[in-house]
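Whatever order the structure lists ligands and atoms in, that order sets their numbers, starting from 1. Bear in mind the structure is a predicted one, so any value in this text is a computation, not a measurement. The analysis underlying the following values was restricted to heavy atoms, covering all of them including side chains, and did not include hydrogens, waters or symmetry mates.
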Amino acid sequence: MKPPKFDYHAPVTLDEAIALLVRYDGEAKVLAGGQSLVPLLNFRLARPAALIDLNRIKPLAYIQEHDGQVRFGAMTRQRAIEFSPVVGRRLPLLREATRWVGHLPIRSRGTIGGSIAHADPSAEYPAVLTALDGEVVARGPKGERTLAPGALFETYLTTTLGADEILTEVRLPAMPDGAGWAFEEFARRHGDFAIVGVAAAVWRTGGRLTARLATAGAGGTPQRLHACEEIVERDGLGDGPIEAAARRASELVTPDSDIHASADYRRHLAGVLTERALNRARERSREPS
Ligand SMILES: Cc1cc2nc3c(=O)[nH]c(=O)nc-3n(C[C@H](O)[C@H](O)[C@H](O)COP(=O)(O)OP(=O)(O)OC[C@H]3O[C@@H](n4cnc5c(N)ncnc54)[C@H](O)[C@@H]3O)c2cc1C
């Protein structure tokens, strides 16, 4: 199928792009990598009056270390993230998650901002953003605001971004030296969206253990598993606490049934994948040097 007719604009500055969004008064959509939006247009599930293409706004693509964070311009391609030495060193969880995103041609076009703004509950980046307590920056006609994942993700494919706002930057705290990590996922075929995924990270600072866990595909938004983190932080990374955290994960998530899997199966997967992710994160963790 072909998309319905739309106006096309390719601004070269962010201000110009925002002005166009304002001009179309909620009837325009921004185009990033097009890997989700173009299929939606072709299936006529989206019928915007205009597309505002962000691909010519060069200052929107970068990876920078800044004050203990790694900052990504929204138009940074998933492939650039996958092969970035900074990401490999400072955010290995994000690198591992990236390898689960579709296939290489999709990652060559798809962007970090597009993935997060699209808010597919099965997507990997929103889960990593949630696990690592990251934040995003959004800019609109009234200025800039910074949102934590809990304030951004509303429900399936829905965020709190305004129709005249553009997600400009994604900020993730760099993982501490010696941190262990794992992104575990179950999908029917490699490259498919996750049926369920779990992002995990563990590290020690001054003898204190910190654990981070978040799900993909186990509800309408990524879910941070605080109660599981508390079990591990209190009782350590032995087999017993990891098994207890995994059992708790199955209880905590609130998935829906759909054509891919029942809610019960997703709950089961949340437990299995939490255990696997914590085990692998434990194996990779070491005392900070
Ligand atoms: C076959 C296939 C398999 C895939 N598998 C996976 C997978 O396993 N995991 C996964 O996570 N993804 C997967 N994807 C999706 C892919 O990661 C997309 O790249 C991503 O979901 C959207 O990013 P994009 O840059 O292509 O955004 P687009 O498709 O251009 O945009 C998506 C939506 O976000 C909005 N948007 C984009 N950028 C911004 C911005 N900066 N500010 C505000 N709104 C914005 C758009 O208006 C649109 O509504 C798959 C895609 C395909 C085609």
Side-chain angles (χ1 to χ4, degrees), residues 3 6 8-11 14 17-18 20-21 24 26-43 45-57 59-62 72-82 94 96-130 136-140 144-145 147 152-154 156-170 183 185-197 199 215-217 222 260:
F6 51 81
Y8 174 79
H9 299 274
L14 195 55
I18 292 167
L20 282 160
L21 288 176
Y24 279 93
E27 297 300 320
K29 276 205 155 293
V30 301
L31 174 70
Q35 298 303 298
S36 296
L37 182 54
V38 172
L40 287 175
L41 294 174
N42 287 344
F43 284 117
L45 293 169
R47 292 170 171 271
L51 288 191
I52 316 300
D53 187 345
L54 302 182
N55 283 275
R56 294 202 192 147
I57 308 179
L60 275 183
Y62 56 84
F72 300 88
M75 287 298 290
T76 307
R77 308 285 170 193
Q78 293 152 2
R79 186 183 158 85
I81 293 170
E82 183 176 0
L94 183 69
E96 182 158 297
T98 303
R99 294 185 175 149
W100 286 101
V101 178
H103 307 278
L104 199 68
I106 291 158
R107 300 197 292 270
S108 297
R109 294 300 303 165
T111 64
I112 187 168
S115 175
I116 290 172
H118 189 55
D120 190 306
S122 295
E124 290 80 7
Y125 282 177
V128 172
L129 184 77
T130 302
V136 300
V137 180
R139 215 165 114 186
E144 209 166 74
R145 60 191 183 119
L147 294 105
L152 174 71
F153 298 116
E154 210 163 54
Y156 292 89
L157 304 175
T158 309
T159 67
T160 57
L161 290 175
D164 55 4
E165 279 186 309
I166 294 177
L167 193 160
T168 56
E169 189 173 79
V170 178
F183 197 101
E185 168 166 329
F186 181 77
R188 286 196 177 229
R189 300 167 304 186
H190 187 83
D192 283 1
F193 272 98
I195 291 181
V196 174
T215 60
H260 301 295

Name the residues in contact with ligand 1, where contact means a heavy atom under 4.0 Å away: which are they?
Lys29, Val30, Leu31, Ala32, Gly33, Gly34, Gln35, Ser36, Leu37, Leu54, Ala74, Gln78, Trp100, Val101, Gly102, Ile106, Gly110, Thr111, Gly114, Ser115, Ala117, His118, Ala123, Glu124, Ile166, Leu167, Gly191, Asp192, Phe193
Inter-residue atom distance Phe153.CZ - Leu161.CG, 0.5 Å rounding:
9.0 Å
Pairing residues for Thr160 by the side-chain contact (heavy atoms from CB on, under 4.5 Å) criterion, not counting sequence neighbours:
Arg145, Leu147, Leu152, Glu154
Under a 4.5 Å cut-off applied to non-hydrogen side-chain atoms, are [X] and [Y] in contact?
X      : Y      : value
Val101 : Glu82  : no
Val38  : Arg109 : no
Arg139 : Ile166 : no
Glu124 : Thr98  : no

